[in-house]
Amino acid sequence: MLKIHSEPSKPPLPRTGLALFALGFRPFFAAAALSAVALLGIWLAAWSGKIDTGAYYGAIGWHSHEMLFGYTTAVIAGFLLTAVRNWTGVNTPSGTPLILLTLLWLAGRVAPAFAGTLPAPLIALTDLLFLPAVVAAIAPPLWKGTQKINRIFVPLLLAMALANLLVHLQALGITDTASRGTDLMLYLIILLLIILSGRVMPFFTKAVIPGHTPKQYPLVDTLTLVALGALLLELLLLPTPWLTALLTLILALTQIVRLFGWYDRRIWGIPILWVLYTGFFWIIT
């Protein structure tokens, strides 16, 4: 499985007027937490008919879009803006640029509420700009770093931007691709988690449990990437239910093998480990 490598030591913490905007994870993790609570309340109100969230995406479309392209992209942005700094030793945006990036994310959440007032193309553009903006923020540090494999996050985020475009094209009445974009985004997120889990889970298990040596299976890791790549292409180009089912079954089986290669029964006494394993098993199921 792809390894995400660390490089030089972390640079000094940037001096900014607001501590909240000194590091990327601070505003975006806070935004994700607040949006998770807000989205729950908004969806319950919409489900009971008290408000209408469907003017731009459609009610169900709004719910799926905000979970994947709102809440989840905030988590991804916060993680990468901080991790890339740690991996490369090069600062990512802080202060005013980070404030503007956060406001761009927020604008994408708010703009659909003004459908009918704001032009639909402006609503789409506001939301579509966020992921490319994150790419613009992390690409220069990644290209200054010596570990080229870490640059995989650039095409991954651009693929997520493409998935978002497929959703907006349907909202604009141009194509019928929203479900395809939603499915593509879901599996891109799973791909991101699978890549990171291959480093984080064996590392923490070995570090925390004395004498444990996680097992890695290169053939299984390769099969994972091949199956995921085939699944993403299939969803993008020609969704076929039986092929989707077959590829997801292969992915589930390969992840079970990976999980048991890292597993040690002593994880159940260590919260930081059993939470990781439980979460990964949830992805498999």
Side-chain angles (χ1 to χ4, degrees), residues 1-10 23-25 28-29 32 72-73 75-90 92 138 141-142 145-157 159-160 185-232 247-285:
M1 183 55 61
L2 295 172
K3 302 294 185 183
I4 306 305
H5 296 281
S6 296
E7 302 177 21
S9 58
K10 293 182 289 186
L23 292 171
F25 80 91
F28 279 109
F29 282 10
T72 305
T73 59
V75 175
I76 292 170
F79 169 76
L80 287 177
L81 287 168
T82 306
V84 167
R85 174 181 178 271
N86 296 340
W87 294 336
T88 64
V90 179
T92 49
I138 66 171
L142 286 173
T146 58
Q147 297 292 346
K148 295 181 180 181
I149 193 62
N150 291 347
R151 299 171 188 173
I152 190 174
F153 293 103
V154 169
L156 184 57
L157 288 180
M160 290 180 176
M185 181 61 172
L186 177 62
Y187 285 105
L188 285 167
I189 293 168
I190 291 174
L191 172 59
L192 176 63
L193 293 173
I194 284 175
I195 290 172
L196 293 175
S197 68
R199 174 177 174 83
V200 172
M201 293 179 65
F203 173 81
F204 275 104
T205 307
K206 184 177 180 179
V208 174
I209 297 180
H212 176 67
T213 302
K215 297 181 179 66
Q216 301 280 12
Y217 304 104
L219 182 59
V220 174
D221 291 343
T222 300
L223 183 57
T224 293
L225 292 177
V226 170
L228 257 173
L231 178 61
L232 294 173
L247 291 171
T248 51
L249 176 60
I250 293 171
L251 280 171
L253 294 175
T254 55
Q255 298 324 290
I256 290 171
V257 173
R258 294 177 76 218
L259 188 66
F260 278 97
W262 308 330
Y263 176 77
D264 185 293
R265 60 184 178 81
R266 289 172 287 179
I267 67 166
W268 301 110
I270 306 170
I272 193 175
L273 291 180
W274 67 253
V275 166
L276 289 173
Y277 278 80
T278 302
F280 195 78
F281 186 75
W282 179 83
I283 293 174
I284 294 171
T285 58

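From a predicted model like this one, the values you see are computed outputs, not experimental measurements.
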Would you give the length of the straight line joining atom [atom1] of [X] to atom [atom2] of [Y], rounded to the nearest 0.5 angstrom?
{"X": "Phe280", "Y": "Leu193", "atom1": "CZ", "atom2": "CG", "result": "8.5 Å"}
{"X": "Leu223", "Y": "Ile250", "atom1": "CG", "atom2": "CD1", "result": "6.5 Å"}
{"X": "Phe281", "Y": "Tyr263", "atom1": "CZ", "atom2": "OH", "result": "11.5 Å"}
{"X": "Ile284", "Y": "Arg258", "atom1": "CD1", "atom2": "CZ", "result": "9.0 Å"}
{"X": "Leu253", "Y": "Thr248", "atom1": "CG", "atom2": "OG1", "result": "9.5 Å"}
{"X": "Leu191", "Y": "Leu231", "atom1": "CG", "atom2": "CG", "result": "10.0 Å"}

Please report the shortest heavy-atom distance between [X] and [Y], naming the atom on each side.
{"X": "Val75", "Y": "Ala32", "answer": "CG2-CB, 3.6 Å"}
{"X": "Pro210", "Y": "Val208", "answer": "CD-O, 3.4 Å"}
{"X": "His212", "Y": "Lys206", "answer": "O-CG, 3.5 Å"}
{"X": "Met160", "Y": "Leu188", "answer": "N-CD1, 3.6 Å"}
{"X": "Pro202", "Y": "Pro214", "answer": "O-CG, 3.4 Å"}
{"X": "Gly269", "Y": "Pro271", "answer": "O-CD, 3.8 Å"}

Kindly say whether [Y] contributes a backbone atom to a donor-acceptor pair with the side chain of [X] at under 3.5 angstrom?
{"X": "Thr92", "Y": "Leu81", "answer": "yes"}
{"X": "Arg85", "Y": "Pro141", "answer": "no"}
{"X": "Arg151", "Y": "Leu142", "answer": "yes"}

Can you tell if the side chain of [X] reaches within under 4.5 Å of the side chain of [Y], non-hydrogen atoms only?
{"X": "Thr146", "Y": "Thr88", "answer": "no"}
{"X": "Phe28", "Y": "Leu80", "answer": "no"}
{"X": "Trp262", "Y": "Leu259", "answer": "yes"}
{"X": "Ile194", "Y": "Gln255", "answer": "yes"}
{"X": "Tyr217", "Y": "Thr254", "answer": "no"}
{"X": "Leu157", "Y": "Ile138", "answer": "yes"}
{"X": "Leu273", "Y": "Thr205", "answer": "yes"}
{"X": "Leu192", "Y": "Phe153", "answer": "yes"}

Is there a side chain to side chain contact (heavy atoms under 4.5 Å, CB included) between Lys215 and Val220 once you walk through the steps? CA-CA 11 Å; Lys215 297 181 179 66; Val220 174; over 6 Å; no
Which word best sums up how the rings of Trp87 and Phe79 line up, parallel for under 30°, tilted for 30 to 60°, or perpendicular for over 60°?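 Perpendicular.
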Could you go through the ring pair (Phe, Tyr, Trp, His ring centres under 6.0 Å) check for Tyr277 and Trp282 one step at a time? CA-CA 9 Å; Tyr277 278 80; Trp282 179 83; over 10 Å; no
With side chain to side chain contact (heavy atoms under 4.5 Å, CB included) as the criterion, how do Met201 and Leu196 come out once you've worked through the C-alpha distance, each side chain's angles and the decisive distance to 0.1 Å? CA-CA 8 Å; Met201 293 179 65; Leu196 293 175; over 6 Å; no
Phe204, CZ atom: more than 12 neighbouring heavy atoms under 6.0 Å: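 Incorrect, the count does not exceed 12.
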Trp274 atom CH2: more than 12 heavy-atom contacts under 6.0 Å: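 Open: at most 12 neighbouring heavy atoms sit under 6.0 Å from CH2 of Trp274.
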